[in-house]
2 protein chains.
Amino acid sequence: MRLDRRMIVDAMLGLARDEPHTRITFKRLGEALGVDATAMYRHFRNKDELTRAALDRITGWATDAGRASSGSWRQRLETHLMRTAELALEYPSIGAEGAIIDPVGPGDTSAVEFMLEMLAESGLRDAELLRAYAAISGFALSQSSALAHDVLRNPTAARDGSEPWISTFGSINLTEYPLVNEHRDALLAMDGMTVYRAGISAILDAVEMRQAAARPVA
Amino acid sequence: MRLDRRMIVDAMLGLARDEPHTRITFKRLGEALGVDATAMYRHFRNKDELTRAALDRITGWATDAGRASSGSWRQRLETHLMRTAELALEYPSIGAEGAIIDPVGPGDTSAVEFMLEMLAESGLRDAELLRAYAAISGFALSQSSALAHDVLRNPTAARDGSEPWISTFGSINLTEYPLVNEHRDALLAMDGMTVYRAGISAILDAVEMRQAAARPVA
DNA sequence: ACCTGAACACCGTTCAAGT
DNA sequence: ACCTGAACACCGTTCAAGT
């Protein structure tokens, strides 16, 4: 079998989607490719580099979805961000590494470009633009990674973001925590994607409200 | 040596602080406690349970800092959230697991209670209260975890949040990405704690602006 | 009841050997 | 030039044996 980087990344993505509750090993990857477990070292320096390459692909897909969408800058940005979380959940073992931010390829870089584009369209400039980008990108990546981690770790977890964010209060006596106790059921009913949406909405609300305040009669 | 859960958690926290760039193993933990590597299984079901217990302690400290602080609800909440990130950076191998949210002890639960308290003080109720809590808590935990992960993975990383969020664009030709290219230096200059602050500020701005709109003449 | 230590089933990674 | 496979240095975890 003659390998190249693209084939290996393809195989890794396939495994990530088909075996969502297990970490990908070189052994498993070699089996899928019909190749020895150590053959990948000819093409990637180590597993981290391979994982990042796979992540770059996923990030590129999310950006494509954003670029293909229409509507206001906010709608398009939200499409991109929702797709980011969905793909992290669909490829959990890749998405779990998503908090790693250094752009390694065209997917990562075009994602940054797209987010800056949308936020620039909202009217933000310079330092404010970068602050908004940092807030949104930081949230989207780290929270997507957390959602993916949950799927990876929990063998029965669904992959649509419907996993409860808090699944149990264990044996904790909640009478000492009146507000937790009061909202106990609502907290347990909240799923991962709801938390994700709440964060995205809050940050984008802040961006919009700031813009509305800056130009009141636009 | 006679162990108990508290001693083991103490030892784990000590190792996490003293050896910030290595994952904690049972072997290393056993050495630190003068005990066999497998002795911990008498007290914790597995490593995950132990790690969560250590995380519960850190979370408790962050909450104590919030409770001990004074000022507006926003100032107190920000104190708590900044302390959450600082502690994740101080104990990287523990903080890196921070995206795990299920409350396992008094630290976790009192943190939820404190956040709900501060947001209730801002005037939020019911569904809006929970949405704001979800956004803030989700961001703080997952982004803190990402910051800790960065320290853990990078042997030369500082632990004060001053690591660049994006450390390199590698060999990517940025001429295809005009906005990235334009803001290249500013992006590379942005550190992890700046990203964290940006997210927290944006979400809390949204909470405040919503409140200001709801009661315009308060 | 609690700690020990051998053992198991893995990992990622290196490197000399093959083709 | 690229893949193989043995080998290394680890991991978390189990379990029979000690005390």
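Proteins get letters first, then strands, A, B, ... in listed order; numbering begins at 1 in each.
- Taking 4.5 Å as the limit, every side-chain heavy atom of A:Thr79 sits out of range of all side-chain heavy atoms of A:Met82.
- Separation of the A:Tyr91 and A:Trp61 ring centroids falls under the 6.0 Å cut-off.
- Candidate nucleotides D:dC11, C:dC2, C:dC11 were compared by shortest atom distance to the side chain of A:Lys27, and C:dC11 ranks first.
- Pair assignment for C:dG5 gives D:dC15, based on Watson-Crick or G-U wobble hydrogen-bonding distances that are each under 3.5 Å.
- The distance from atom CD of A:Glu31 to atom P of D:dT4 is 13 Å, rounded to the nearest whole Å.
- Between B:His43 atom NE2 and C:dC2 atom C1' the separation is 7 Å, expressed in whole Å.
- A:Thr51 and A:Glu97 form no side-chain donor-acceptor contact under 3.5 Å, judged by distance and modelled atom types alone.
- A:Ile24 comes within 4.0 angstrom of sugar-phosphate atoms only, judged by non-hydrogen atoms across all strands, and of no base.
- Taking atom CZ of A:Arg153 as the reference point, atom P of D:dG12 lies 16 Å away to the nearest angstrom.
- A:Lys47 places its NZ atom 14 Å from the P atom of C:dT14, with the value rounded to the nearest Å.
- Comparing D:dC3, D:dG12, C:dG12 by their nearest atom to the side chain of B:Tyr41 picks out D:dG12.
- If you find the closest nucleotide of DNA chain D to B:Phe26 and to A:Asp36, the one lying nearer the 5' end belongs to A:Asp36.
- Distance, B:Glu49 CD to D:dT13 C1': 14 Å, rounded to whole Å.
- Rounding to the nearest 0.5 Å places CE of A:Met115 at 13.5 Å from CZ of A:Arg76.
- What separates CZ of B:Arg42 from C1' of D:dT14 is a distance of 12 Å, to the nearest Å.
- Taking atom CG of A:Leu3 as the reference point, atom P of D:dA1 lies 17 Å away to the nearest angstrom.
- One atom, CZ of A:Arg23, and another, P of C:dC11, lie 8 Å apart when rounded to the nearest Å.
- For the residue pair B:Thr59/B:Asp56, the side-chain donor-acceptor check at 3.5 Å is not satisfied.
- With D:dG12, D:dA6, D:dC2 as the choices, the nucleotide that has an atom nearest any side-chain atom of A:Thr38 turns out to be D:dA6.
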